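Computed from a predicted model, the values in this text were never measured in an experiment.
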Amino acid sequence: MTRNTQNYWIDWVLFLGMLTLILTGIILWGWTKPKNPGNPGEQAQILWGLTQGSEFLGLTKNGGWKQIHCWVGVGLIPFFLLHILFHLKWIVKTTFGLMIGKK
């Protein structure tokens, strides 16, 4: 496999993973928060009518969405490290070029 092919697939995995993190983050952000912090039993339906214990696309907040969000994030770490490793020469060269200031 050529370096370009490796970069292509790593970038696709990173793109799809980040898209998943964004979507699950929006779903988790839209879940309920208490109207009154002093009375946690009182719920507000912030987005999509989600309440504590309700399901969205067959998954609950604690029974699916958080786990997907967390494990996709953890799973992306090696791909980020590979991405940085494959581009390390460019990163170093560009950083020194910007710091020293080419003329």
Side-chain angles (χ1 to χ4, degrees):
M1 189 180 308
T2 66
R3 177 76 89 164
N4 283 341
T5 305
Q6 289 174 338
N7 282 332
Y8 176 81
W9 288 113
I10 288 172
D11 288 348
W12 262 109
V13 169
L14 289 172
F15 171 74
L16 294 174
M18 289 302 294
L19 186 61
T20 303
L21 287 176
I22 289 167
L23 293 175
T24 57
I26 289 170
I27 290 168
L28 289 170
W29 170 76
W31 224 281
T32 60
K33 296 175 178 78
K35 284 182 188 174
N36 180 359
N39 185 4
E42 190 177 342
Q43 298 288 322
Q45 295 180 357
I46 304 293
L47 206 57
W48 307 300
L50 296 171
T51 57
Q52 203 64 25
S54 66
E55 292 183 355
F56 182 70
L57 298 176
L59 296 171
T60 61
K61 180 179 182 179
N62 293 324
W65 292 111
K66 279 186 177 179
Q67 285 80 8
I68 292 170
H69 189 77
C70 262
W71 287 109
V72 168
V74 169
L76 286 178
I77 292 170
F79 291 97
F80 280 118
L81 294 174
L82 279 174
H83 184 79
I84 290 170
L85 181 67
F86 285 168
H87 298 296
L88 191 58
K89 184 178 176 182
W90 176 85
I91 292 169
V92 170
K93 185 177 178 183
T94 303
T95 301
F96 280 116
L98 291 172
M99 290 173 62
I100 296 170
K102 292 182 181 179
K103 292 185 180 183

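Hydrophobic clustering, with ILVMFWY side chains joined whenever heavy atoms are under 4.5 angstrom apart, groups Phe86 together with Leu14. One hydrophobic cluster holds both Leu21 and Phe80 under the rule that ILVMFWY side chains link at heavy-atom gaps under 4.5 Å. Under a hydrophobic-cluster definition in which Ile, Leu, Val, Met, Phe, Trp and Tyr are linked whenever side-chain heavy atoms come within less than 4.5 Å, directly or via other members, Trp9 and Leu16 are assigned to the same cluster.
Counting non-hydrogen atoms of neighbouring residues, nucleotides and ligands closer than 6.0 angstrom, the CZ atom of Phe96 reaches no more than 12 such neighbours.
When side chains are defined from C-beta on, Tyr8 does not count as touching Asn4, because their heavy atoms never get closer than 4.5 Å. Looking at heavy atoms from C-beta onward, Gln6 lies in side-chain contact with Arg3 at the 4.5 angstrom threshold.
Nearest heavy-atom pair across His83 and Ile10 is CB-CG2, 4.2 Å. Pairing each heavy atom of Ile68 with each of Thr24, the nearest pair is CG2-CG2, 3.8 Å. Nearest heavy-atom pair across Met18 and Leu76 is N-CD1, 3.9 Å.
Taken from NE2 in His69 to CD1 in Ile22, the straight-line distance is 10.0 Å, to the nearest 0.5 Å. Rounded to the nearest 0.5 Å, atoms OG1 (Thr94) and CE (Met99) are 12.5 Å apart. A distance of 11.0 Å separates CZ of Phe79 from CG of Leu81, quoted to the nearest 0.5 Å.
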